[in-house]
Amino acid sequence: MRSKSMKSLAIMIAFLVLLSVLPLTAAAVQPVSAGQATKLTAAEVLANQKKLSSNQYHYMTIKNNGSVVVWGDSFNGEPKTPANVREAVALTSSGKMAFALKKNGSIVQWGSGDILQSIHAGIDPAKVKDAAAISASAGTLLIVHKNGKVSYHRYRNDGGSPLTAIPKGLAGVADISGGAYHALALKKNGTVIAWGKDYRGNTKVPKEVSNAIAIAAGSQVSAALTKDGRAIAWGSGFEKTELQTAPYRDIVGIEAGFDEIYLLRADGSIAVWKEGKVSLLPDMPKLAAMVADGEAGALGLTKEGQLVQWPSASYGGFVPAQAASSISSVAMNDTEYVAVRNDGTLTQWSKFSSPQLKKIPAAAKDMVSVSVSRSQHALAMKKDGTVIAWGNNNNGEATVPSGLRNVTAVAAGYEYSLALSQDGKVTGWGSNRLGFIEVPEDLDDVVAIAAGVPNLALKKDGTVVAWGYKANMMPAQTAKATAIASGGSYAAILNEDVSVTVWDEFGHSVRIDSLKNEKVKPAAISFGAHSEALWVLMDNGTAIAFDAYTGKELNRYDQTAFRQVSGDIGVLANGDVIVLDPYERNDNTQLKNVKSATFLYKNNELSFIVSKDKRISVQGNSYIMADAPERAEGLKKYVFSSMHALVLKDNGTVEAWGGYSGTDMAGNRIKNPEATVPNGLKDVIDIAAGPDFSLALKKDGTLKAWGWSGSSVLKVPATVKNATAIAAGQSYAAALRKDGTVVEWGDLAGRTAMPKGLKNVKAIAIAGQNTMALKKDGTVACWGDDCKTPANIKNAMSVTGADGHFVIYSSDGAIIDFDTRTGVDRFYHPAKIQNVDRIFALKGATYVLKKDGTSVVWGDRLPFHIQL
């Protein structure tokens with residue numbers, strides 16, 4: 001069970017890819033300078049949107065000259081880039097067929113379809129000369145003619161399609177959208193008609209839909225955009241009797257996925273609307289258009305003319321539609337959320353279907369701030385300085401003392417409450433079993449309070465006073481404080497010298513000094529939803545998360561400006577709300593700023609960089625890197641699992657970093673067996689690491705294995721001898737022997753076997769559950785979970801693997817980033833790179849260091865400066 005849980009921790013599905021392409025057609029977005037207006041219109045968004053296509057990890061766009069470019073997954077025979085297509089104005093694809101609408105109203109089709117009799121196939125696209133709009137889905141092309149009529153073309157013999165059941169007499173149509181099983185037609189009068197197979201109401205257009213200017217049919221949902229900037233949805237997750245309207249009134253573009261609606265706003269930000277909940281996507285570039293594929297992902301065009309890909313499931317957490325905008329502040333505990341709206345009213349929601357916090361009192365008006373405790377009670381302060389409370393009141397914590405007036409701040413603690421008055425005095429009420437409401441008698445001149453372990457008060461002179469449970473654990477204050485925070489397990493002080501002091505209930509403390517290297521100063525601090533991460537809000541709105549135990553940076557959001565971060569919720573200046581994740585690091589954009597790295601490692605939780613001057617930089621899940629040094633002298637090789645790291649030193653010994661599974665009751669870290677190096681291990685020439693095991697290859701060609709006793713990798717077969725190199729996957733390992741043969745062992749279930757007779761191998765690499773062997777003749781072989789051997793490789797020099805992709809480098813400078821799932825290049829990148837020093841295959845990215853110290857990098861959310 002332990003091994004399986006660790007493996008699950010390593011699986012992250014969030015995925016974003018940033019691509020730079022040629023400027024699109026003249027009607028497409030042009031780069032916007034800082035002095036120009038940046039608000040989008042629905043008309044320009046729709047024009048740009050028609051030039052994009054996203055279908056099953058297969059993408060298309062229209063270039064400046066009206067030609068078409070195709071890229072992505074060709075695993076299932078998706079159509080290639082067509083030859084000699086010009087003056088295209090719209091694109092659509094489905095299955096193995098693709099279509100382009102030309103400026104003159106004709107349609108170009110390419111790819112491979114089935115041969116159907118004309119009685120079933122409908123109209124022949126090659127004979128159409130008056131098309132005004134097209135949309136393909138489920139083996140059917142829907143065509144809007146310039147006279148407002150709709151026709152279809154069937155190209156897949158799968159027994160028929162509900163999309164072909166076009167309503168009789170349908171006329172006056174301006175646009176069309178085909179979903180998986182149903183279709184929508186937008187009429188010139190702004191009404192919407194639906195037909196096809198109904199799923200939970202996706203063909204039942206609400207009678208209120210009028211003045212529509214855009215439509216979107218997904219797999220199970222439908223949506224319409226109205227002239228006044230509203231989005232209306234119906235279908236799966238939107239079945240309520242009242243009209244389902246998105247919370248924004250500045251929407252200029254819509255797209256439908258599987259059961260979610262993508263909303264593009266006039267400022268270029270994008271949100272996902274699903275089952276009455278909305279999530280703004282943080283750290284996304286501003287978009288000018290987008291299209292979505294219900295089963296795979298979405299494709300967006302930025303205002304700068306770049307393309308962005310991301311999967312449909314990448315949006316993470318949600319907030320209710322009624323709380324997605326017009327919010328001034330938010331407070332929460334582990335499961336319950338309360339927000340103050342700009343109009344002074346309150347709204348609350350829960351992670352559970354049955355909220356733990358009682359309903360907001362009717363008196364909750366003219367509110368300015370709120371606080372929620374872990375014991376399920378809440379305090380809210382009104383503009384007039386009075387306080388209301390609701391929720392659990394077993395200890396009187398929700399009974400506000402009579403006469404409490406002129407309050408400037410409130411803090412809800414576990415079974416107790418605190419209030420700060422204008423005169424600098426603190427009042428406490430509720431349970432006092434741990435001394436939480438025993439406010440020091442001489443405490444005055446207070447400007448801020450924090451309830452937690454312990455309670456903290458910040459005084460006007462910059463001193464901090466602690467009381468209550470574990471108050472004696474607060475470190476000695478060495479500088480004036482400017483802000484305080486306290487949670488269930490940690491407390492923190494933001495110092496005037498731009499450092500932060502964090503400590504826990506066991507007395508362990510850490511000082512964060514890295515903020516001194518930032519160009520802007522910190523403005524506020526707060527703890528994450530579970531007090532495991534400390535959030536620092538900078539003056540420019542950047543939010544940075546630090547590990548509360550080690551003080552190392554976990555994540556940062558620097559593309560979006562926040563005015564408040566509370567728990568793991570960020571509130572933007574315009575009142576929009578974003579769910580933040582302190583641990584997920586699927587953003588590769590910072591890789592483009594890395595110069596002359598001698599070593600790189602990156603997954604969803606961790607970024608590890610060794611610079612040319614031997615400095616070590618760590619961001620992300622620091623429990624893996626908790627005891628990593630700051631410099632890399634004497635270190636030769638690094639390998640990582642999802643839980644720990646191994647380091648081979650110049651003297652042939654091995655160190656292990658991380659591998660901690662938590663802390664014991666005394667606050668001591670518990671180290672797992674795979675991170676405990678056997679005593680006396682020496683003469684090591686290679687290392688490898690899996691989630692629950694470690695391997696060391698010795699000079700004499702033998703292996704030493706250690707880790708969790710249940711790992712099958714520890715049972716090294718007798719055939720592993722005279723080894724020259726080793727590699728490790730999630731649950732298996734491989735060794736290259738001196739005679740050029742390869743041995744694999746461990747959990748090999750469900751994997752294709754190694755090719756019989758494989759020999760003359762000079763290097764091996766592992767990516768996920770796949771192994772690649774580089775042979776002495778320059779060819780490669782790949783096997784395992786889903787890997788197919790790439791064809792036409794004859795002069796390969798090196799292979800590197802990570803995260804389901806292998807990077808193959810050849811002697812002529814040719815480079816292939818081989819995706820094991822699709823069997824093709826995963827990203828756009830240079831076809832050849834000369835003078836390569838070393839290559840690092842990373843999580844969703846590749847970093848190539850050249851001999852002159854420059855680098856080439858591509859991958860998730862990274863811009864490509866290559867003309868197609």
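Judged purely by atom type and a 3.5 angstrom limit, N770 uses its side chain to pair as donor or acceptor with the backbone of C787. Remark: side-chain polar atoms of N555 are paired, donor with acceptor, to backbone N or O of D581 under 3.5 angstrom. In this structure, the side chain of T598 engages the main chain of V610 through a donor-acceptor pair within 3.5 Å. A donor-acceptor distance shorter than 3.5 angstrom exists from the side chain of T820 to the backbone of G804, with no hydrogens or angles considered. Of the possible donor and acceptor atoms, one in the side chain of T724 sits under 3.5 Å from a partner among the backbone N and O of L736. S596 places a side-chain N or O within donor-acceptor distance of the main-chain N or O of G853, the cut-off being under 3.5 Å.
Here the OG atom belonging to S93 is positioned 8.0 Å from the CH2 atom belonging to W110, to the nearest 0.5 angstrom. Note: L301 CG to N48 CG = 5.5 Å, rounded to the nearest 0.5 Å. M643 CE to S694 OG: the interatomic distance, rounded to the nearest 0.5 Å, is 12.0 Å. Note: K51 NZ to Q49 CD = 11.0 Å, rounded to the nearest 0.5 Å. Atom CD1 of I815 sits about 11.5 Å away from atom CE of M797, to the nearest 0.5 Å. For the atom pair CG (D692) and OG (S641), the distance works out to 8.5 Å, reported to the nearest 0.5 Å.
Evaluation of the salt bridge (charged side-chain N to carboxylate O under 4.0 Å, His left out) rule for D568 yields no partner, not counting sequence neighbours. The side chain to side chain contact (heavy atoms under 4.5 Å, CB included) test applied to D777 returns K775, T779, not counting sequence neighbours. Under the side chain to side chain contact (heavy atoms under 4.5 Å, CB included) criterion, S798 pairs with Y809, I839, not counting sequence neighbours. Looking at residues two or more places apart in sequence or on another chain, you find no side-chain hydrogen bond (donor to acceptor under 3.5 Å, both in side chains) involving S514. For the salt bridge (charged side-chain N to carboxylate O under 4.0 Å, His left out) test, no residue two or more places apart in sequence or in another chain qualifies with D785.
Pairing each heavy atom of I270 with each of M290, the nearest pair is CD1-SD, 3.3 Å.
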Could you please spell out the steps behind the salt bridge (charged side-chain N to carboxylate O under 4.0 Å, His left out) verdict for D837 and K850? CA-CA 5 Å; D837 182 17; K850 300 179 70 175; over 6 Å; no
S712 vs D747, side-chain hydrogen bond (donor to acceptor under 3.5 Å, both in side chains): CA-CA, chis, key distance, verdict: CA-CA 6 Å; S712 57; D747 183 2; 5.9 Å; no
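For R556 and E518, the salt-bridge test passes: some basic side-chain N is under 4.0 Å from an acidic carboxylate O. Here E304 does not pair with K286 in a salt bridge; the nearest charged N to carboxylate O distance is not below 4.0 Å. Salt bridge annotation for K636-D650: absent, with no cationic side-chain nitrogen under 4.0 angstrom from a carboxylate oxygen. Taking a cutoff of 4.0 Å between a charged side-chain nitrogen and a carboxylate oxygen, E655 and K649 qualify as a salt bridge.
Using bins of under 30°, 30° to 60° and over 60° for the plane-to-plane angle, the ring pair Y847/F840 lands in the tilted bin.
Note: F806 and F818 fail the aromatic proximity criterion, with ring centroids not under 6.0 Å apart. Separation of the F640 and F608 ring centroids falls under the 6.0 Å cut-off.
Residue R631 places its CZ atom among more than 12 non-hydrogen atoms of other residues, nucleotides or ligands, all under 6.0 Å distant. Annotation for E630: atom CD does not count as buried by contact number, only 12 or fewer foreign heavy atoms lying within 6.0 Å.
A heavy-atom distance below 4.5 Å is not found between the side chains of T653 and V684. Counting heavy atoms from C-beta on, the side chains of T771 and E744 come closer than 4.5 Å. For the pair W783/K788, no side-chain contact is recorded, criterion being any heavy-atom separation below 4.5 Å from C-beta on.
Defined by atom type and a distance below 3.5 Å, a donor-acceptor pair is missing between the side-chain atoms of H805 and D819.
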Can you give me every donor-acceptor pair (side chain of residues 760-769, partner residue at least two apart or in another chain, under 3.5 Å) with its distance?
residue	atom	partner	partner atom	Å
Q769	OE1	Q730	N	3.3
Q769	NE2	S731	OG	3.3

